[in-house]
Each structure stands twice: as C-alpha cells, then as structure tokens.
Amino acid sequence: MINKNNNPIAFLDSGVGGISVLNEAIKMLPEENYIYFGDSKNAPYGTRTTAEVRELTERNVEFLLNNGAKAVVIACNTATSAAAEYLRNKYKELPIIGVEPALKPAALDNEEKKILVMATPMTLAEKKFNTLMAGYEKYARIVPVPCGGLMEFVEAGILDGQELEEFLRKILAKDLCKDAEAVVLGCTHYPFIKETIIKV
Ligand code: DGL
C-alpha cells in the first residue's frame with residue numbers, strides 16, 4: 001500500500017473564499033502539505049442549481065484525487081450543502097470535510113437575541129442549513145440573509161470602498177435586519193470583507 005502521509009490535503013471552493021479556511025488549517029497543522037483549487041471559471045456557485053454545484057464539486061474532487069489528495073476539505077458552504085453527503089457516499093475511503101455557517105456558537109453566545117446569517121441563496125435554501133437552523137431557533141432569533149452578488153466583490157479583489165458599502169447597505173438595511181446582535185459569515189468569501197461588513 002502507498003504511504004499517503006506526505007500527500008497533500010486538498011481545499012476547494014468556487015473561488016478564493018476557501019483560502020480563509022486554508023489559512024486556519026495551516027495555523028493548526030503547519031506540518032501538512034496542501035493544494036488549493038478555486039473554481040473561479042465556474043463561479044459563483046451560490047446562484048446555481050444544486051445539481052450543477054454537485055456536478056462541479058464532483059469533478060473538482062476527482063481532479064484533486066488524481067493529484068494525490070489524501071483528504072478533501074470542501075471549503076465552501078454552498079458546495080458542502082450540495083455535494084458533501086453525496087461525495088462521502090461515493091468515496092468511502094476518502095476523508096471529506098465540509099463547512100457550515102457557525103450558527104451553533106452564534107446562537108449559544110447570543111441567547112434570545114437576533115442573529116443574521118449572511119450566505120449564498122443556495123446555502124440558505126438547502127435542507128442542510130434549514131435543519132441546522134431548526135436546531136437553534138429555540139435559542140435565538142435567526143434571520144437568513146441571502147447575499148447573491150456579494151462574493152463577486154471578493155473575487156474582483158474589492159474588499160472595501162463605496163461601491164461595496166452601498167451593496168452591503170442595500171442587503172442589510174431591511175427592517176428584518178434591524179437590531180441584530182451578531183452576524184454569521186456563512187460563506188467562506190465573507191471573512192475577507194469582515195471589516196467592511198462591521199462598518200456598514
Ligand atoms: N465561498 C462559497 C461559500 O462558502 C460561495 C461563493 C459562491 O457563490 O460561489 O458558500
């Protein structure tokens with residue numbers, strides 16, 4: 001059997017967003033080797049259909065396996081919702097790690113308060129998120145905020161400035177978002193614009 005210990009852990013996302021997850025992994029496991037796959041050609045994922053995202057993610061995982069990945073981190077909330085379960089069934093020997101919006105710590109730290117969950121339209125519409133939300137609704141008032149069009153700013157390298165602030169203001173100015181105590185960044189692209197989100 002081939003010793004896979006030195007093979008890379010692969011990270012994938014629809015674009016640059018998953019680098020925010022990879023950064024944390026490198027801090028925790030600096031001795032590992034990594035490869036990163038950003039599918040910018042087919043981005044955004046969050047406004048596609050579930051079937052399309054599943055197919056794209058499957059293709060990406062196959063590519064990463066052919067490049068020696070010993071484990072795959074789907075560093076994308078959208079692709080995790082669409083494909084993680086399916087791919088775990090298909091590749092039973094391969095560790096596949098997914099991500100989900102950090103609703104648990106947000107709800108447990110902000111009991112009875114209002115929490116916004118910013119994520120792609122697909123993540124928020126999927127069963128995975130709705131099951132997660134149902135589990136924490138007794139702790140806090142959870143408001144899903146679909147942010148179609150937001151990841152495109154990050155892909156274009158726009159992390160601050162007037163255009164982004166105006167875009168965010170339109171999303172967050174709704175009555176429903178008023179008086180929120182916490183915001184969950186439910187898309188791996190959003191940590192890169194965290195400061196601008198806080199400002200708005
Ligand atoms: N970074 C991805 C996520 O975490 C989504 C961005 C996209 O719409 O492609 O959901």
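Numbering of ligands and ligand atoms starts at 1, following listing order.
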**OP:** Give the atoms of ligand 1, by number and element, whose distance to some non-hydrogen atom of P44 is under 4.0 Å.
**Re:** 8 (O), 9 (O)

**OP:** Compute the shortest N/O to N/O distance between T120 and ligand 1 and return yes if it is under 3.5 Å, no if not.
**Re:** no

Can you give me every donor-acceptor pair (side chain of residues 106-122, partner residue at least two apart or in another chain, under 3.5 Å) with its distance?
residue	atom	partner	partner atom	Å
N110	ND2	A106	O	2.8
K114	NZ	L176	O	2.7
K114	NZ	K178	O	2.7
T120	OG1	T78	OG1	2.9
T120	OG1	T123	N	3.2
T120	OG1	T123	OG1	3.0

**OP:** Mark up the atoms of ligand 1 that fall under 4.0 Å of a heavy atom belonging to S14, in ascending order.
**Re:** 5 (C), 6 (C), 7 (C), 9 (O)

Original post:
Who passes side-chain hydrogen bond (donor to acceptor under 3.5 Å, both in side chains) against E24, sequence neighbours left out?
Top reply: K27

**OP:** State the atoms of ligand 1, each with its element, that fall below the 4.0 Å cut-off from a heavy-atom position in Y45.
**Re:** 7 (C), 8 (O), 9 (O)

Original post:
Which of the atoms of ligand 1 are close to D13, meaning less than 4.0 Å from one of its heavy atoms?
Top reply: 1 (N), 2 (C)

**OP:** Using a strict 4.0 Å threshold on nitrogen-to-oxygen distance, state whether K70 and E32 make a salt bridge.
**Re:** yes

Original post:
Does one side chain, of E100 or T80, offer a donor that lies under 3.5 Å from an acceptor on the other?
Top reply: no

Original post:
Is the F11 ring parallel, tilted or perpendicular to the Y34 ring (thresholds 30°, 60°)?
Top reply: perpendicular

Original post:
Touching ligand 1 at all, C76? Heavy atoms, strictly under 4.0 Å?
Top reply: yes

Subject >> Sub-3.5 Å N/O-N/O distance, T47 and ligand 1 >> reply: no

Original post:
Is A75 close to ligand 1, meaning an N/O of one under 3.5 Å from an N/O of the other?
Top reply: no

Subject >> T78: numbered ligand 1 atoms lying under 4.0 Å from its heavy atoms >> reply: 3 (C), 5 (C), 10 (O)

Original post:
Which atoms of ligand 1 sit under 4.0 Å from any heavy atom of N77?
Top reply: 3 (C), 4 (O), 10 (O)

Original post:
Out of curiosity, is C187 lining ligand 1, as in a heavy atom under 4.0 Å away?
Top reply: yes

Subject >> Interfacing atoms of ligand 1 (cut-off 4.0 Å, heavy-atom, G46) >> reply: 7 (C), 8 (O), 9 (O)

**OP:** Quick one: pull up OG in S14 and NE2 in H189 and give me the separation to the nearest 0.5 Å.
**Re:** 4.5 Å

Original post:
Salt bridge check: are K199 and E195 linked by an N-O gap of less than 4.0 Å?
Top reply: no

**OP:** Carefully, step by step, assess E165 and R169 under the rule salt bridge (Lys or Arg N to Asp or Glu O under 4.0 Å).
**Re:** CA-CA 6 Å; E165 283 176 31; R169 226 165 266 130; 3.4 Å; yes

